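Each remark here refers to the structure printed beneath this line.
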Amino acid sequence: MTTTTAAAAITTVNTTAVVLPMNYSTINPTSILLDWLVNHPMILNFSWSEGQTLGSSPRFLTFTVLSYLSLTFFLSQNPFFSLESHLRRRITALHNFILIVISFTMAIGCTLSTLSQSPDVHYIICFPTNTKPKGPIFFWAYMFYLSKIYEYIDTLLILMNNKSISRLSFLHVYHHATVVIMCYLGLHTTQSSLPLVIVTNCLVHVFMYSYYLLCALGFRPKWKKLVTDCQILQFLSSFVIFSLIFGYHFGTNSGCSGIWGCVFSAGFVITLLYLFLDFHSKSYSAVTNKLKLQDKEM
Ligand SMILES: CC(C)(COP(=O)(O)OP(=O)(O)OC[C@H]1O[C@@H](n2cnc3c(N)ncnc32)[C@H](O)[C@@H]1OP(=O)(O)O)[C@@H](O)C(=O)NCCC(=O)NCCSC(=O)CC(=O)O
């Protein structure tokens with residue numbers, strides 16, 4: 001905490017405490033961020049321990065993902081209620097705003113943790129095989145995992161509007177269900193690459209949920225395609241990261257931690273890339289744009 005700054009602002013004159021104006025030149029934003037997002041005792045002492053940390057058991061994971069899939073299937077077949085449009089838009093806007101803040105905080109927290117905790121650049125890509133899932137980097141990996149469960153609300157928001165149920169795509173449900181398993185395995189196997197995957201995805205999500213926020217507020221941003229392009233770029237950059245890890249793991253004697261987590265993530269990214277390229281061609285091709293224009297003119 002910035003105790004030195006606070007202490008410097010307080011001085012005593014004739015035994016009476018006088019609060020002097022804060023010397024703003026001594027406030028260092030980076031050290032405040034480090035205090036809150038890296039060196040906070042809760043973050044510094046975090047440890048993922050299987051069966052003890054909330055959400056860390058295979059049973060919890062199975063229950064969560066199966067509940068999501070069965071509820072989504074049930075509600076899509078039996079739309080239960082449609083919220084009044086005004087209220088739904090407000091709830092959606094708030095939900096997106098929360099996700100922008102959470103994603104941004106995780107991106108900053110994970111970046112600072114990685115920069116301050118990594119002994120060398122190699123560590124950012126490849127954790128040594130004896131790495132334990134504890135400390136700031138794994139705290140943010142855990143927050144990332146929990147945030148993916150919170151993102152299930154996206155699906156609920158689509159289901160709460162009878163008119164938008166057609167927006168519930170295979171891509172959406174497959175992504176939301178599988179990403180939770182990927183994050184769990186990341187922690188369970190102490191997976192190398194976690195810092196880069198988390199920071200990249202959080203930054204893309206700040207952009208994506210800003211797009212959704214504006215939609216919920218009634219605007220239709222012209223840069224929708226740019227969001228999809230960034231998502232595709234994210235998946236392509238993951239290939240570079242995973243190629244480096246596999247190169248290090250199989251090309252050196254020391255190896256990298258959590259290689260099975262990396263194999264799962266790489267497989268997931270391949271399927272997402274395929275689905276997103278398909279989404280891209282269906283949403284933005286010249287033919288699609290022409291059809292949309294004709295629809296508007298009718
Ligand atoms: C541009 C995209 C981000 C979104 O494409 P969409 O076709 O879903 O976009 P859209 O124009 O229909 O979105 C506008 C509609 O979404 C509603 N909406 C607003 N907030 C929402 C939220 N948090 N979740 C779901 N829907 C939401 C708006 O009210 C509006 O509804 P109305 O039209 O009724 O007013 C795209 O690149 C994409 O990701 N498509 C896949 C669909 C998806 O589910 N993506 C998110 C998870 S995948 C992911 O997250 C990958 C990653 O990690 O990067």
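The model shown is predicted, which means the values in this text are computed figures rather than measured ones. FYI, side chains are in, hydrogens and waters are out, and symmetry mates aren't considered; it's all heavy atoms of this structure. Both counts, for ligands and for their atoms, begin at 1 and track the order of listing.
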Taking the six-membered ring for Trp, are the ring centroids of [X] and [Y] within less than 6.0 Å of each other?
X    : Y    : value
H95  : Y212 : no
Y145 : F138 : no
Y142 : F46  : yes
F139 : F144 : no

Candidate with minimal heavy-atom separation from atom 10 (P) of ligand 1, of H280, K282, K224 |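 Going through H280, K282, K224 one by one, K224 has the nearest heavy atom to atom 10 (P) of ligand 1.
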Nearest protein heavy atom with distance in Å, relative to [atom]:
atom                    : value
atom 41 (C) of ligand 1 : L171 CD2, 3.9 Å
atom 26 (N) of ligand 1 : R167 NH2, 3.3 Å
atom 5 (O) of ligand 1  : F279 CZ, 3.5 Å
atom 37 (O) of ligand 1 : Q231 OE1, 2.5 Å
atom 11 (O) of ligand 1 : Y211 OH, 2.6 Å
atom 28 (C) of ligand 1 : C215 CB, 3.9 Å
atom 3 (C) of ligand 1  : M208 CG, 3.6 Å
atom 45 (N) of ligand 1 : Y212 OH, 3.6 Å

Would you say Y284 has any N or O atom under 3.5 Å from an N or O of ligand 1, going by distance alone?
->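 Among all N and O atoms of Y284, none is under 3.5 Å from an N or O of ligand 1.
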Answer yes or no: does an N/O atom from Q234 fall short of 3.5 Å to an N/O atom of ligand 1?
->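 Indeed, backbone or side chain, Q234 has an N or O that close.
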With under 30° as parallel and over 60° as perpendicular, where do the rings of [X] and [Y] fit, or are they tilted in between?
X    : Y    : answer
H188 : Y184 : parallel
Y211 : W223 : perpendicular
H176 : Y68  : parallel

Within ligand 1, which atoms have a heavy atom of [X] less than 4.0 Å away?
X    : answer
T228 : 1 (C), 36 (C), 37 (O)
Y209 : 23 (N)
V227 : 3 (C)
H176 : 47 (C)
H172 : 43 (C), 44 (O)

Is [X] close enough to touch ligand 1? Criterion: a residue heavy atom under 4.0 Å from a ligand atom.
X    : answer
H205 : yes
R89  : yes
R88  : no
R220 : yes

In Å, rounded to the nearest 0.5 Å, how long is the span from CG of N161 to CZ of R167?
->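 It comes to 8.5 Å.
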Considering residues at least two apart in sequence or located in another chain, which fulfil the side chain to side chain contact (heavy atoms under 4.5 Å, CB included) criterion with T129?
->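 Side chain to side chain contact (heavy atoms under 4.5 Å, CB included) check on T129 returns nothing, list empty.
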Contacts of type side chain to side chain contact (heavy atoms under 4.5 Å, CB included), residue F219, not counting sequence neighbours |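 For F219 the side chain to side chain contact (heavy atoms under 4.5 Å, CB included) partners, ignoring immediate neighbours, are L214, L217.
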Which part of [X] is near ligand 1, with near meaning a heavy atom under 4.0 Å away: side chain, backbone, both or neither?
X    : result
I158 : side chain
T92  : side chain
L272 : neither
L99  : neither

Do [X] and [Y] get their side chains close enough for a donor-acceptor pair, meaning under 3.5 Å?
X    : Y    : result
Y174 : T271 : yes
D154 : Y209 : yes
Q191 : S265 : yes

For T189 and F264, run side chain to side chain contact (heavy atoms under 4.5 Å, CB included): C-alpha distance rounded to whole Å, both residues' side-chain angles, the deciding distance at 0.1 Å, then the answer.
-> CA-CA 11 Å; T189 64; F264 183 90; over 6 Å; no
